[in-house]
Amino acid sequence: MAYQIHLEQFDGPLDLLLSLIEKEKMDITSISLAKVTDQYIGYLNSEEVVSLSHLSSFLSIASRLLLIKSRALLPVLEFSDEEEESMDDLEMRLKEYKKFREVAMKLNLLFGAKKMLYSRESFSGLQVVFYPPKDITAEDLHQHFSHILGEIPLLETLPEKELQTVITLEEKILELQRTLSDRVESSFSQMIREGADRTDIIVSFLAILEMVKQRFIFVKQEKFFSDIHINRLIS
Amino acid sequence: MPTHQSLFSVLESLLFISGESLSFVRLSKIIGHSEEEIELALNELSEKYLQDETSGLKIVLHNRQALLTTKAENMEKVEFLTKSSMQESLSKAGLEVLSIIAYRAPISKSAIEAIRGVNCNFTLRNLLLRDLIERQENPTDAREYVYSPTFRFLQSLGLENIQSLPDYAVLSVDERLKMFDESSKTVSENEERENKKEIKE
Amino acid sequence: MPTHQSLFSVLESLLFISGESLSFVRLSKIIGHSEEEIELALNELSEKYLQDETSGLKIVLHNRQALLTTKAENMEKVEFLTKSSMQESLSKAGLEVLSIIAYRAPISKSAIEAIRGVNCNFTLRNLLLRDLIERQENPTDAREYVYSPTFRFLQSLGLENIQSLPDYAVLSVDERLKMFDESSKTVSENEERENKKEIKE
């Protein structure tokens with residue numbers, strides 16, 4: 001991989017994202033977000049671990065980042081109001097999260113300051129008096145205990161089909177380079193795997209943009225929404 | 001109804017025996033003074049303990065309840081007696097969730113998760129077990145709970161109220177909600193004015 | 001060793017937290033002053049409470065031991081508080097803790113809390129005071145107690161023993177309780193597991 005990130009375990013996508021931005025010593029803006037997008041997606045596929053139950057949260061942020069990145073790469077691209085909103089929202093959420101991440105460290109110091117205020121045990125020193133509650137039956141105990149059993153949370157297990165492999169931009173570019181070295185021409189529809197999800201489609205599209213920028217390929221589209229033809233530039 | 005002097009005495013006795021926190025309402029009912037008088041007296045008592053260097057007691061006020069505790073500087077000796085060393089080391093996730101709850105209480109699980117961008121079932125459970133947070137049913141949505149910091153949380157940090165948290169005034173406000181707050185401010189300001197009036201009378 | 005002023009403060013904190021009488025010897029060892037100094041200070045502190053009409057506390061000195069308690073003139077209010085805490089029919093929390101203890105006795109506090117997912121110090125205290133449950137030292141862990149329903153309480157329900165509770169044979173060994181068998185440790189382990197699980201492809 002082109003970049004190396006060896007950061008500690010992250011507690012969620014915003015934690016990771018914020019750490020990446022801070023590592024670059026940047027403020028939270030759409031520019032910095034676009035800049036760290038590849039690193040973020042790389043992290044998901046790196047050897048670092050992301051917990052299963054957190055995976056979908058990481059992916060949802062990934063798709064927003066990809067939107068932001070594609071806006072930065074292609075300023076002419078038009079986005080729906082909803083998409084614009086989700087991009088601005090990410091910036092705002094990140095700023096909000098940052099405040100709490102910082103104050104959490106302050107609380108940690110307070111915990112360490114050893115200033116515990118102790119309270120007394122309730123009614124300590126008083127005589128025990130048998131005082132059964134009125135109208136309570138064995139059946140009440142039965143019902144409450146059964147209810148408690150029902151409330152016990154079981155470990156969340158996600159079904160296999162929800163697991164997704166995140167393809168990084170690099171991998172997609174390599175894949176496309178491989179395809180094009182066999183043939184001179186490919187197309188966007190061929191590039192996208194069968195049953196590809198939104199993230200995969202966006203990553204593929206970004207890979208194409210990146211390769212156009214690197215003058216490795218050129219693309220042609222007959223009309224709006226038609227398939228994109230990809231040709232290798234012979235240097 | 002007790003005289004002014006004995007009001008303090010009764011308050012001290014009740015808080016001493018209870019051990020747990022007592023609400024202003026409950027104290028008011030037991031003692032026969034108005035809630036406002038109770039609140040004023042508690043504030044005075046709290047100040048008295050603070051000023052008196054020979055006193056080893058302190059009052060923590062939270063959610064219109066009062067709790068009597070030992071002073072922070074005596075922690076070491078107290079722990080020697082109780083042999084209970086409270087080590088509260090928390091995970092990073094635990095600290096973040098706790099911060100969000102402390103500054104934004106009462107707050108629902110989904111609102112906490114929206115801020116952190118990740119689910120926090122087990123972290124919440126862990127904080128509940130450590131008695132650092134508590135949950136109530138959400139008055140506006142019966143399907144979920146809302147979470148608040150406990151007395152234990154304030155005690156662990158050595159704070160006498162929630163406002164003594166670092167940057168409380170700034171962080172307790174959700175900027176995205178500021179617009180809505182503007183419109184509701186008028187109401188609470190009036191309410192406050194009304195409350196002040198009552199105290200004076 | 002504390003200064004003269006803070007000696008009073010420490011004494012007050014220790015007597016406050018103890019709940020039972022503390023011998024001069026023990027106080028002397030904890031605080032690091034001589035027994036004579038402790039005795040003098042306790043006499044002074046006792047005098048201070050007596051003189052201060054705003055104070056609701058008093059010190060009882062007997063057999064070279066000291067006990068902090070409430071002033072006699074507040075007895076009525078104190079009794080009102082304890083009675084009103086008892087008369088309230090059992091809270092939901094009270095019923096839950098009681099049912100867990102009934103079906104899983106003998107059970108430790110940490111195990112009860114792990115099952116309920118919240119801290120229950122106060123509830124246990126209340127059930128003990130009402131003589132609905134009793135505690136013994138935990139044979140496997142000296143640092144904590146285990147709780148069981150009292151025989152009187154079972155009798156008041158018309159039961160011979162806990163085995164006569166409805167569905168006892170099935171519910172007391174329910175599968176879902178297995179994860180709590182090793183006390184509350186499981187919870188933090190789960191939290192860790194939640195964070196460490198790897199992406200499988």
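Each chain gets a letter, A, B and so on, in the order the sequences are listed, and its residues count up from 1. None of these values were measured; they are calculated from a predicted model.
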For chain B, the option from C/Asp52, C/Asn121, C/Leu57, C/Leu45 that forms the most heavy-atom pairs under 4.5 Å: C/Leu57
If I compare all heavy atoms of B/Ser13 with all of C/Asn74, which pair ends up nearest, and what's the gap? OG-ND2, 2.7 Å
Please name the pair of heavy atoms, one in B/Lys58 and one in B/Thr70, separated by the smallest distance, quoted to 0.1 Å. CB-O, 4.1 Å
Cut-off 4.5 Å, heavy atoms of chain B, and the answer for C/Thr69 is backbone
Between B/Ile30, B/Leu15, B/Leu127, B/Ile133, which has the largest tally of heavy atom pairs under 4.5 Å with chain C? B/Ile30
Quick check on B/Leu27 against chain C: is it the side chain, the backbone, both or neither that has a heavy atom closer than 4.5 Å? neither
Please determine if C/Arg135 forms a cation-pi arrangement with C/Tyr147, meaning its NZ or CZ atom is less than 6.0 Å from the six-membered ring centre and no more than 45° off the ring axis. no
Turns out that what part of B/Thr150 lies under 4.5 Å from chain C's heavy atoms comes down to neither
Can you measure from CD (B/Gln51) to CD (B/Glu53) and round to the nearest 0.5 angstrom? 9.0 Å
Please state whether the side chain, the backbone, both or neither of C/Leu22 comes within less than 4.5 Å of a heavy atom of chain B. side chain
Highest number of heavy-atom pairs under 4.5 Å with chain B: which of C/Glu76, C/Lys29, C/Arg26, C/Lys48? C/Lys48
Can you tell me how the ring of B/Phe151 sits relative to the ring of B/His62, calling it parallel under 30°, perpendicular over 60° and tilted otherwise? perpendicular
Nearest 0.5 Å please: distance from the CZ atom of C/Arg130 over to the CG atom of C/Asn126. 6.0 Å
